[in-house]
Amino acid sequence: MCGIVGYMGKRNAYDVLIQGLKRLEYRGYDSAGIALEGSDGRLRVYKAKGKVADLERAVEGQDISGTMGIAHTRWATHGVPNNVNAHPQCSQSGSIALVHNGTIENYGLLKTALMQQGYTFKSETDTEVLVQLIEYVKETNHCNLFNAVRESLRQIEGAYAIAVMEKDNPDTIVAARKSSPLVVGIGEDETILASDATPIVAFTNKVVYLQDNEIAVIHRDRPLQVLSLETNHPAPVDIKTLQMSVAQLEKGGYDTFMLKEIFEQPETLRDCIRGRIVDDGARVVLSGVLQNKQKFLDVNRIVIVACGTSWHAALIGKHIIQDMCKIPVEVEYASEFRYSGPVITDKDIVIAISQSGETADTLAAIQLAKNKGAFVYGICNVVGASIPRNTDSGTYIHVGPEIGVASTKAFTGQVTVLTLLALCAGQVRGTVDAGTVRTVAQALARIPDTVRDVLKLDEEIQKLSRTFTYAHNFLYLGRGYNYPTALEGALKLKEISYIHAEGYPAAEMKHGPIALIDSEMPTIIIAPTDSLYDKVVNNVQQVKSRGGVVVAIVNPGNTAMQEMADYCLEIPEVPECLTPIVASVPLQLLAYYIAKNKRRNVDQPRNLAKSVTVE
Ligand code: F6R
């Protein structure tokens, strides 16, 4: 939800900032802009509606010199995507420029007050209010940029990560954060700040993750200074080493990041499992669980909060935790959780699942759970993000940076970690027998190879996708463990192809959606030969007898289904609780190829952003 970058150093700032914006484009891509400080003390601001590439075109022939600057790629919240609403936003005199990720809730009141002081506004953004406020404070208090930013932020309600620079001050960038991420990279005589570490890793692996309510001063000749917004006292500058490589951020010969990430899954699942299954599958070792054994012994109930794809993983997690641990599990949309009068006690464990670790709704949900005394456990991908820093314990999925906006490898990583958690906690509680642990853990240890086999369906799915390119609606059905897989398959198709798709529990179809079935609407049915297989067969027959077209995901050698369904895709047999990992891969590919046939931008689908840091 918007990406910001800032640079101060010896290099050409424009090059660093553009490269950084390209890394952050997954966060928003409806407009982009840049502000550069030239040696002549002028502030040059360039903006363009559209992608970073459009900004590059708009800047052709302009003066892009300078070694300091800030830049922004936007996902619109206040005001339509256009040049005026793009960031950087500038103050009335044009002497202060600011980029912002987040939302300012009290901007209406502040805007009215500033208008009464004679300020006029060009854009519809909340951000312009903040930059005008900074100028107003600076002029009325006769203070420096740092004090003006600090004082202004004390009047702001909402979420922000900001970077601010001013004309005639080519040595200072002021940055701050509250509820939106901000990372500062410390290189040799250069500093680069960004919404995440991806723009930084090419320059340095030393980073400082700014905490909420901290303000940083980046000065050309002085070490990074971090202060508390409230007390103005210095805060510790905790320098961490990045575990990320530039190669992980490239497409690696694939057409798109999404395809790369689908095909990476054998390796990412191996990384996710590494060191966690020991003694030939006899034991599962998840330190987050083992270090908090008593919590998992005393727990009355687990509540899982998540959004989107992570919420689908949560539904699968519910099933497997209930099976293995005999603990009641509830799954809540993080966005609804705090508005549903949640009854949470200190006997509850609240698990937050999030790829980015920055989703605002999930962060708000865990804050509420913590306030009510729950033990909060995070399952995240991005190391050092806000959710892992605000939870009592947790597990990283370790699938590497996910750049395609549609989540693929993070989903299979999340389900894998939830399986490991269920097995480990089940062992701690004595609720799962040794034979089950070994069977599931050994199959999980083999899952990278199993997924590699599933990926061999690539060509077959590509061919099949052509049959469905022009369908307007899809139904995805599954039962038990694979009802969430159906939801996830439908979501993948919707987000990248813009075709309407509904995921449904197969047996619920007869209570309504069956009315939609006709020869125009393909039905994708997940039907591995598991405990619910016979029942799913009935659902296939119900669709077929109404003239529907069926694509069935089945285990090899299922001749009965091959006769019944119009198309079958074969996936290897695995224990029932692992079928979602295996069955979701062909659904990712099907969505991918249908979207490609429709010439969609699969890495950056319209209206979406990878990391939803606003409510
Ligand atoms: C779908 C997708 C989104 C995210 C959701 C939560 O492909 O990516 O639905 O799953 O926005 O994001 P995280 O997991 O970062 O909290």
Side-chain angles (χ1 to χ4, degrees), residues 1-3 24 26-28 75 101 179-181 195-196 198 256-259 261-262 265 304-317 331-337 350-367 378-391 394-397 399-415 417-418 476 484-485 487-498 501 503 584-585 587-592 595 600-615:
M1 221 89 321
C2 301
L24 293 179
Y26 73 88
R27 300 176 67 89
W75 186 84
N101 169 34
S179 306
S180 292
S195 297
D196 71 27
T198 59
T256 60
F257 281 110
M258 183 176 173
L259 195 61
E261 285 157 8
I262 293 173
Q265 288 176 106
I304 314 183
V305 292
C307 299
T309 286
S310 301
W311 184 80
H312 298 154
L315 293 175
I316 298 163
V331 175
E332 300 272 357
Y333 282 115
S335 53
E336 287 294 315
F337 179 66
V350 172
I351 300 179
I353 307 179
S354 173
Q355 187 286 128
S356 62
E358 298 294 349
T359 300
D361 288 318
T362 312
L363 265 167
I366 63 174
Q367 197 49 57
I379 296 180
C380 293
N381 187 33
V382 177
V383 176
S386 299
I387 292 176
R389 284 191 286 114
N390 282 287
T391 39
T395 304
Y396 282 116
I397 62 172
V399 300
E402 189 179 67
I403 294 165
V405 163
S407 188
T408 52
K409 62 177 181 172
F411 174 73
T412 50
Q414 290 164 342
V415 177
V417 162
L418 285 160
Y476 284 70
T485 317
L487 293 178
E488 177 57 10
L491 179 62
K492 287 290 88 79
L493 186 72
K494 274 187 271 209
E495 32 179 14
I496 59 169
S497 71
Y498 320 146
S584 59
V585 175
L587 303 185
Q588 295 168 350
L589 286 170
L590 185 65
Y592 179 83
R600 305 299 192 214
N601 182 342
V602 296
D603 280 342
Q604 295 176 344
R606 72 182 179 201
N607 305 340
L608 291 176
K610 180 99 189 131
S611 173
V612 185
T613 57
V614 293
E615 192 183 335

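As the structure lists them, so they are numbered: ligands from 1, and atoms in each ligand from 1. Residue numbers start at 1 and run along the sequence shown. Every value quoted in this text rests on a predicted model; they were computed, and no experiment measured them.
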Novice: Distance only, no hydrogens: is a donor on one side chain within 3.5 Å (strictly under) of an acceptor on the other, for Glu402 and Ser407?
Specialist: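 Indeed, the side chains of Glu402 and Ser407 share at least one donor-acceptor pair under 3.5 Å.
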Novice: Any atoms of ligand 1 less than 4.0 Å from a non-hydrogen atom of Ser354? List them with their elements.
Specialist: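 The list of qualifying atoms is 13 (P), 14 (O), 15 (O), 16 (O).
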Novice: Identify, for atom 5 (C) of ligand 1, the protein heavy atom at the shortest distance, and state residue, atom and that distance.
Specialist: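 Ranking protein heavy atoms by distance from atom 5 (C) of ligand 1, first comes Cys307 O, 3.7 Å.
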Novice: Would you kindly say whether Thr408 and Gln588 are connected by a side-chain donor-acceptor distance under 3.5 Å?
Specialist: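 No - no donor-acceptor pair under 3.5 Å links their side chains.
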Novice: Report, in ascending order of atom number, the atoms of ligand 1 lying under 4.0 Å from any heavy atom of Ser310.
Specialist: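 Reading through ligand 1 atom by atom, the close ones are 10 (O), 13 (P), 14 (O).
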Novice: Say whether Thr362, considering both its backbone and side-chain N or O atoms, lies within less than 3.5 Å of an N or O atom on ligand 1.
Specialist: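 Among all N and O atoms of Thr362, none is under 3.5 Å from an N or O of ligand 1.
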Novice: Does ligand 1 come near enough to Gln414 that some N or O of the ligand is less than 3.5 Å from an N or O of the residue?
Specialist: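 No - when backbone and side-chain N and O of Gln414 are compared with those of ligand 1, no distance drops under 3.5 Å.
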Novice: If you have a sec, work out which protein heavy atom is nearest atom 4 (C) of ligand 1 and how many Å separate them, to one decimal?
Specialist: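 I find the closest protein heavy atom is Thr309 N, 4.0 Å.
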Novice: Tell me: protein heavy atom nearest atom 11 (O) of ligand 1, and distance?
Specialist: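 Among all protein heavy atoms, the one nearest atom 11 (O) of ligand 1 is Val612 CG2, 4.0 Å.
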Novice: Mark up the atoms of ligand 1 that fall under 4.0 Å of a heavy atom belonging to Ala406, in ascending order.
Specialist: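 Those atoms are 7 (O).
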Novice: Using a heavy-atom cut-off of under 4.0 Å, does the side chain or the backbone of Lys492 touch ligand 1, or both, or neither?
Specialist: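 Side chain only.
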Novice: Tell me every residue that passes side chain to side chain donor-acceptor pair (under 3.5 Å) with Glu495, counting only those two or more places apart in sequence or in another chain.
Specialist: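 Side chain to side chain donor-acceptor pair (under 3.5 Å) list for Glu495, sorted by chain: Lys492.
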Novice: Going by atom types alone, do Ser310 and Gln355 pair a side-chain donor with an acceptor below 3.5 Å?
Specialist: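 There is no such pair (donor and acceptor under 3.5 Å, judged by atom type) between the side chains of Ser310 and Gln355.
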Novice: What protein heavy atom lies closest to atom 15 (O) of ligand 1? Include the residue and the distance to one decimal.
Specialist: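 Protein heavy atom at minimum distance: Ser356 OG, 2.7 Å.
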Novice: Minimum heavy-atom separation for Tyr396 and Asn381, please, with both atom names.
Specialist: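 Minimum heavy-atom separation between Tyr396 and Asn381: CD2-O, 3.9 Å.
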Novice: In chain order, what residues pass the side chain to side chain donor-acceptor pair (under 3.5 Å) check against Tyr476, with sequence neighbours excluded?
Specialist: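 Tyr476 satisfies side chain to side chain donor-acceptor pair (under 3.5 Å) with no other residue.
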Novice: Taking the six-membered ring of Tyr498 as reference, does the NZ or CZ atom of Arg606 fall below 6.0 Å from its centre and within a 45° cone about the axis?
Specialist: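 The answer is yes, since Arg606 meets both limits relative to Tyr498.
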Novice: Is the shortest distance from a heavy atom of Val405 to ligand 1 less than 4.0 Å?
Specialist: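 A heavy atom of Val405 does come that close to ligand 1.
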Novice: Identify, for atom 7 (O) of ligand 1, the protein heavy atom at the shortest distance, and state residue, atom and that distance.
Specialist: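 Residue, atom and distance for the closest contact: Glu495 OE2, 2.5 Å.
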Novice: Using the side chain to side chain contact (heavy atoms under 4.5 Å, CB included) rule, pick out the option among Leu608, Val602, Asn601 that qualifies with Gln604.
Specialist: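 Of Leu608, Val602, Asn601, side chain to side chain contact (heavy atoms under 4.5 Å, CB included) with Gln604 is met by Asn601 alone.
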Novice: Just by distance, no angles: are the side chains of Thr256 and Tyr592 close enough, under 3.5 Å, to form a donor-acceptor pair?
Specialist: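 There is such a pair (donor and acceptor under 3.5 Å, judged by atom type) between the side chains of Thr256 and Tyr592.
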Novice: What's the shortest distance from atom 12 (O) of ligand 1 to any protein heavy atom, and which residue and atom give it?
Specialist: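 Heavy-atom neighbour on the protein nearest atom 12 (O) of ligand 1: Thr359 OG1, 3.5 Å.
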